[in-house]
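A quick write-up on the structure given underneath.
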6 protein chains.
Amino acid sequence: MRIDGRKYDQIRPIKITRNYTKYAEGSVLIETGDTRVICTASIEDKVPPFLKGKGEGWITCEYNMLPRATQVRKIRDITRGKVDGRTMEIQRLIGRALRSVVDLKAIGEKTIWVDCDVIQADGGTRTASISGAFVSLVDAVNVLHKRSPFKIYPIRDFVSAISVGIVNDIRMLDLCYLEDSRAKVDMNVVMTDSDEIVEIQGTGEQSPFTKEDLKELMGLAEKGIKNMINAQKNSLKMDSLWIGTGGE
Amino acid sequence: MRIDGRKYDQIRPIKITRNYTKYAEGSVLIETGDTRVICTASIEDKVPPFLKGKGEGWITCEYNMLPRATQVRKIRDITRGKVDGRTMEIQRLIGRALRSVVDLKAIGEKTIWVDCDVIQADGGTRTASISGAFVSLVDAVNVLHKRSPFKIYPIRDFVSAISVGIVNDIRMLDLCYLEDSRAKVDMNVVMTDSDEIVEIQGTGEQSPFTKEDLKELMGLAEKGIKNMINAQKNSLKMDSLWIGTGGE
Amino acid sequence: MRIDGRKYDQIRPIKITRNYTKYAEGSVLIETGDTRVICTASIEDKVPPFLKGKGEGWITCEYNMLPRATQVRKIRDITRGKVDGRTMEIQRLIGRALRSVVDLKAIGEKTIWVDCDVIQADGGTRTASISGAFVSLVDAVNVLHKRSPFKIYPIRDFVSAISVGIVNDIRMLDLCYLEDSRAKVDMNVVMTDSDEIVEIQGTGEQSPFTKEDLKELMGLAEKGIKNMINAQKNSLKMDSLWIGTGGE
Amino acid sequence: MRIDGRKYDQIRPIKITRNYTKYAEGSVLIETGDTRVICTASIEDKVPPFLKGKGEGWITCEYNMLPRATQVRKIRDITRGKVDGRTMEIQRLIGRALRSVVDLKAIGEKTIWVDCDVIQADGGTRTASISGAFVSLVDAVNVLHKRSPFKIYPIRDFVSAISVGIVNDIRMLDLCYLEDSRAKVDMNVVMTDSDEIVEIQGTGEQSPFTKEDLKELMGLAEKGIKNMINAQKNSLKMDSLWIGTGGE
Amino acid sequence: MRIDGRKYDQIRPIKITRNYTKYAEGSVLIETGDTRVICTASIEDKVPPFLKGKGEGWITCEYNMLPRATQVRKIRDITRGKVDGRTMEIQRLIGRALRSVVDLKAIGEKTIWVDCDVIQADGGTRTASISGAFVSLVDAVNVLHKRSPFKIYPIRDFVSAISVGIVNDIRMLDLCYLEDSRAKVDMNVVMTDSDEIVEIQGTGEQSPFTKEDLKELMGLAEKGIKNMINAQKNSLKMDSLWIGTGGE
Amino acid sequence: MRIDGRKYDQIRPIKITRNYTKYAEGSVLIETGDTRVICTASIEDKVPPFLKGKGEGWITCEYNMLPRATQVRKIRDITRGKVDGRTMEIQRLIGRALRSVVDLKAIGEKTIWVDCDVIQADGGTRTASISGAFVSLVDAVNVLHKRSPFKIYPIRDFVSAISVGIVNDIRMLDLCYLEDSRAKVDMNVVMTDSDEIVEIQGTGEQSPFTKEDLKELMGLAEKGIKNMINAQKNSLKMDSLWIGTGGE
C-alpha cells in the first residue's frame, strides 16, 4: 500500500475544470490529487520569426510555479534573474507534446501560447500540465474553428502524460511528491490515444535500471495514460476529436 | 447606472476563501467582482541584511499577474528580463500597507513573504491584493502565535484598500476594468479600521482635479473600506484582532 | 523652528539656471536648498511603438542620482543590474506630471526625453525634478516652436511639485533630508498654476494619519507650489505661457 | 546505405585524446566522426551551498558550442543574455550521467567541474560529451587518488552515451547531423558497462512511435554503447576501473 | 589654426573647482574647454574580496556620461542592460592611472571609489577625468590624513593625462570633439610629474602611423601634461605633495 | 636567460594550422609556445544598423577563453552575467587591428565575424589572436573572392601583434604567463608589414616607465612582428597579398 492508500498501478483522482478564467480562449484548471495547475491557451495572430511567411502555425508553452505552490517558498525566476533549467526542460517538453498531435499547417499563421501555472505542487506537475494544456488547446482551437471553420481539423489525436517510477524497489504509477522525492528511477511518458509514444524521459541518477524495468514501467504508464485521456474526453464531452468538433 | 448595474457608491461582491492552498502559513483567494487574486503569506526564519541583529521582523510583498489574467496576454517578467515599473510600485505599496499595522518588533527576527498572484484582472487588483494579503497575514501570524504565543499581539489594526475615480465626470467607488480604462482621475486609498489613512495615491494624468474632488473621493473610499473590512472580519470570524486571536 | 531655521510653512531658497549645458534643447540646473538636479529635455523625431501612426507625441522621463549625491555612496543601477523600485516610481511620476499639462497631439510625432540627474540630494529630489523638468520642457518646446510654429501651443499650464510631511507631530512644508528621514507621514503633491491637483501621493507607513492631516498638508503644499511656480515664471521670464511663447 | 557509407547499426570512428590541454586535472578531446568536443574536468576544494558540511562531493557540468562549431554561426550565450534551453538540458543530462556512476561520499567535499566545449558539431554532441567527459573525470579522480588514495574508489562503473533514431522509416545508430535533422524520432541513451540504463530520452515530436520501435532502438543503442565503452577502456588503458586505478 | 583658434601645441583652458558637492570626501568639477566632468572620491572601510586580510587598500573607478552630455542623447547603460566596452576601457584606465602613483599599503584596508560623471562632453573626457580624479583623490586622502595621520604619505606623485592625435595630417595636442571625430590617429597619454609614462594608448584604426609620429606625439603630450599638472598644483595650493599635506 | 631558455629578444615557436574546423570560411589554430587560440572568420550577408545602405562592410570580433584554458578554472561569462572588461578591451582591440588593413568599401555590405576562442592560455593570447585572426580573415576574404572576384582586393597589408614588457628590470619580447604576471611594464603592439604602427597599448601600473623604455620596447616589438608576419606568409603560402590572391 502507498502513502495515500492507492494501489501501485492506480492514479490519483483527476478533476478538469474548463473555462476557469474568462479572458483566455482556452482556460483549464486540472487537479490530480493535490497537484493543481491552471492551463490557458491564448491565440496570437502572428508566428515567431523562423516561421514567417511559411503559412504554418506554432504552439509554444511557458510553465511556472507560484512561489508558494511548494512546501518551501520558491524564489521567483525574475528575482533570480533567470529561468532555471528544470523549468526550461518542462516547458520545452510540454510544447513538443502538444505540437506532436497538431497539424501546424492547418492552423495557419497563428501562435497558440499555452501557459501552465502551478498553484499547488504535489508531484507530477509536468505531466498534469501536459494533460490539462491539451484540453485548453482543444478549446482554443475550437474558438478558431467557430470564427472560421478549418478544412482539416488541426488536432489529430488526444495526448496525455503521466509519471512512473521505482520507489523502495517497487514500480509505481503517478508518483506524489513524497514518493517522487524518494524515487531511485523517475520516468515521464507522453502518449496519444492511439497508444503511441510521443516522449519518454527516464532517469536513474541514483541508480541505473534494467530493460525489464523499462518495459514494466511503460506498461504502467500506458494504463495511466488511458485513465487520463478518458478524463479529457469526459471533460470535453467528446469521444473523438473528429466527431465532436470537426464534424458533420 | 454603471456598466455592471452598480450604484456609484457601491462596491462589487467580495468573496474571501481562506486556506486556499495547503503549504503556505496563510493562503487566501480574494475575489472582488471578476478580479481574483491568490494571496499567500510565508514565514521565513531570517531577516534581510539591513535588519540583522536588530530583533525586528520584516514584511515584504511580491505581486504578479498570470500571463492571461488580462484580456491580452501579458509577457512574463522573466521573458522581458525585468519587473515593470507598475508591478514594482504595487508590491512596494502592498508591503507598506501591511507593515503600517504591524508591530515588527513583536514579530521578532522573521520575514513574512506575502505573494499576491492575480489569476484574473478586472480592475482594482492592487487594492484587492492589499485586502486579501491582510487576511493571509493574520493567518500566518496566528500560526506563529500557536507555535509560541506573542506577548504583544503584533497586528495592531485591520487594513484594507479600495479604488475610487472620476469617470465621465462622475465620482465612483471600486472601478472595474472598463471604468478604470476611461477614468480621468484614478485614486487608491488604504485605510485602517480606525478610519485613518495609510496611503493615498491619486493621479489626474489626463486631467487635474480639484480639492473638492479629493474630499468627495475620500468619502467614497471610506465607505468602500468599511465594507471591505467587514468582509475581512467575517472571513476571519473575529470582530477585533485582540479578542479573536491574542486572547483568552 | 526647524533644523535650518525655516518656519514650518516656508520653502527653501530656489535657484533655476537655464541653458546649463550646451547640447540639450532644454537644460536646467534647479537648486532647492542643497538639493541640486540637472534636468535636460531632448527632442527625438519618433514615438514609442504604441503611438506609431497616431499623430501624437510622447514625453518620458528618466531619473537618476550620481553615486555620491548622497551621504553614503549609492551603487549604480548598472552594477546592481536593475533600476530600483524607488527610481522607477519617481521617473513614472515625473513623466505623468509633465504629460498632464501638455497637449500631446499638438506636439505631433515626437518624443521629448526628460532626464533628471541628481547631483546632490538633500530631500525633495523628486519634486525638485518635476519643477526643474518643467522649465527644461518649456525651453525644448520653444525650440520646436521656433523651428516651426505650433498652431496650438502644446503646454496648457505651469506644473510644479513640493513635498509636505509630519515630523515630530508637526506638519511641515518642503522637507530637507534630516526632516524627511524622521517623518511619520510623507506626501508629495503636484499641482498646476490653476490650483488643480495632478498627483497626490501620501504615505503613513510608520503611522496612519487623519483626514484633518490630509487637508492641512494640502494647504501647505498649495502654498509651496505657488512659490515654486513663481520661480519658474521668473526664470522663464514669462507670466503666462500663452503670452510669452505662443504669441504675437 | 547511409549518407557516409555506414551500415544502420554502425557507429562512426571514435578517437579519444587524453591530456589535450595542460592545466586541467582531466582534459580530453573526443572525436566521433566529424563531431569534436573538448572535455575538461577541474577539481575545486569546496561544494555548492546545499552540500556544505555533509561530507559529500559534487559533479557539475557546463556545455557550450564555439560560435562556428556549426554550419551557421551561433550567437554566443552572453550576447543573447541567457543560456538557451537546449544547452541547459544537455548540461543537466551530462551531470546526471556522470553522477550516476560516482560515489559522491567517497569523493569528499570537493566539486568536479566538467566542461564540454564543442569545437565542431556534426550530430551527437551531447552523447559524445558524456562519453568524453567520463574519461576526463577518471583522469581527474586519479589525480585526487595520487594525492591521497581513496579507501573506496569513487567511480563504480563506466558510463557512455549514444544517439539512435528513425530516419526515413529506418532505425539507425549514431546519427550524424544530416540524419539527425531529418529524423522523425530521436533518442539519446546513457548506459553503464553493466548494461543498465542511466537515462533514456526519446522524442517523436514529428511523429509518435511504437513500443516495438522503442525496443529495437534500445537494442541499437546497447550495441553502440559497447563500442564506446571499449574506446574509453582503450584510451584509459584499463579493462576495469578497479584494477587500473584503485590498485590491486 | 584650429577650429577654436588654438595653436597645434596648445591645450584648452583648464578650470578645477574643489568641494563641488558636499558629501564626498573629495569632490571636483574639472572643465577643459567645454568638457565638464564631476569627479568624486568616496572612502569605504573595506576592500574587495581579493584583498581581504592583506593590509592593502584599493582604488577603483566608475565612469559615466549623463545622457545628454553629448550632441545626440545617449541611452543609459541600465536601459541597454550593460556597460558598453568604451566605458569599461575608460574606467579601467582611470583606475590604473590613479593606482600607479599611490602606495596602496600605506592606505590600509580601505577602498577609494572614484566616480567620474561627464556633464558635458567635448572631447578628452577620459583624460580630463584622470586629471580631475587625481585632485579629488588627494582631497579624500587628506581627509583620511586628518582623521589619523599617515606615517608614509600614500600619494607618491602627481598624475595627469592628455590626448594627442593626427588630424588632417597635422599632429595636435588636446583634441576637441570635432577634431577627435576626424582624427586618423588618436592617442591618450598618462604621465607623472617626474616625466614618466604611466600609460600610452595610441590607435591608428583609420591609418597606421610611423615611429616618428609616435615620438612627436609623445613630445606634445608631455607639454600638455605639464600644463595640466600645474593646474592641479594651483588648485590644490601645493607645489609638491609632501610639503602640502604630509607635512609640518 | 629566460624561464623557458629563450633570449630576451626571441619569440616563442609559432605554429599556424589553417582549415582547422570545417564549417567556417576561415578557420585557424594558432599556437605561440603553449598559447593556443582557435580563430574563425564567418561571413554574414548583412551589416550592423549603423552601416545599412552605405555600401560598406564591417569586421567585428569576439574573444573568449574556455573555462580551463587557465591554471584556475575561469567562470563563464554567461554565469557571471556579463562580459568582463578585459575581454571587451581585447575584442575591441582585435576588431580595430583587422579593420585597419582592410578596405571596408571593397568588401561591400557584408559582416565578417571573427571569433577567437582560447583553448590554452600561456601569455600573449590577445596578440596571438590578432595574428591568427588575420590569417582566418584572409581565407574568408578569398572565399568571397572565389565566389565573385573583387575589383580592388580588400586587404591592404599584413597585420600582426606581439607583446613586450619589462620584467625584473629587463626588457623582453613575447612574454609567457609567468613573465607577464611579474612584469612591471606591459605593452602590446600591433604593426603592419610596412613597419607602421596600428596600435600601441602600454601600461606601467606598477611602475611608470621612461621614454627610453618606450623606444627600446618598440624596437623589440618590431622584431617580433617581423617573425610573426613571416609565419603568416608561410602559412598562407604567399609573399604579398596582391600576388597571391588578387592576381592572375
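Naming: A, B, ... by sequence-line order, numbering from 1 per chain. These numbers come from a predicted model, not from an experiment.
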inquiry  = Between C:E62 and chain E, with a heavy-atom cut-off of 4.5 Å, which part of the residue counts as in contact: side chain, backbone, both or neither?
reply    = both
query = With a 4.5 angstrom heavy-atom cut-off, which part of C:S42 approaches chain E: side chain, backbone, both or neither?
reply = both
message = As a test of understanding, state which of C:N64, C:V118, C:L29 forms a side-chain contact (heavy atoms from CB on, under 4.5 Å) with C:V37.
response = C:V118
inquiry  = Using heavy-atom distances under 4.5 Å, tell me whether C:R36 contacts chain E through its side chain, its backbone, both, or neither.
reply    = side chain
query = Non-hydrogen atoms of chain C under 4.5 Å away: do they reach the side chain of E:R73, the backbone, both or neither?
reply = side chain
inquiry  = Would you call the rings of C:F134 and C:F158 parallel, tilted or perpendicular, taking 30° and 60° as the class edges?
reply    = tilted
query = Hey, is E:R68 close enough to C:E25 for a salt bridge, meaning N to O under 4.0 Å?
reply = yes
message = Please classify the contact between C:T70 and chain E as side chain, backbone, both or neither, with a heavy-atom cut-off of under 4.5 Å.
response = backbone
message = Regarding C:T40 and C:Y23, do their side chains bring together a donor and an acceptor under 3.5 Å, going by distance alone?
response = no
query = Is chain E contacted by the side chain of C:K82, its backbone, both, or neither, given a heavy-atom distance below 4.5 Å?
reply = backbone
query = Thinking salt bridges, do C:R6 and C:D4 make one under a 4.0 Å N-O criterion?
reply = yes
request  = Sort out for me which of E:D77, E:D115, E:V83, E:V72 touches chain C most, counting heavy-atom pairs under 4.5 Å.
outcome  = E:D115
Leading residue by heavy atom contact count with chain E [cutoff under 4.5 Å; candidates C:I38, C:T79, C:D34] = C:D34
query = Side chains of C:S163 and C:T127: is there a donor and an acceptor less than 3.5 Å apart?
reply = no
request  = Give a yes or no on this: more than 12 heavy atoms of other residues, nucleotides or ligands lie within 6.0 Å of atom OH of E:Y177.
outcome  = no
task = Under 4.5 Å heavy-atom distance to chain E, tell me which part of C:I119 shows up: side chain, backbone, both or neither.
result = both
inquiry  = For C:D117, which atoms come within 4.5 Å of any heavy atom of chain E: side chain, backbone, both, or neither?
reply    = side chain
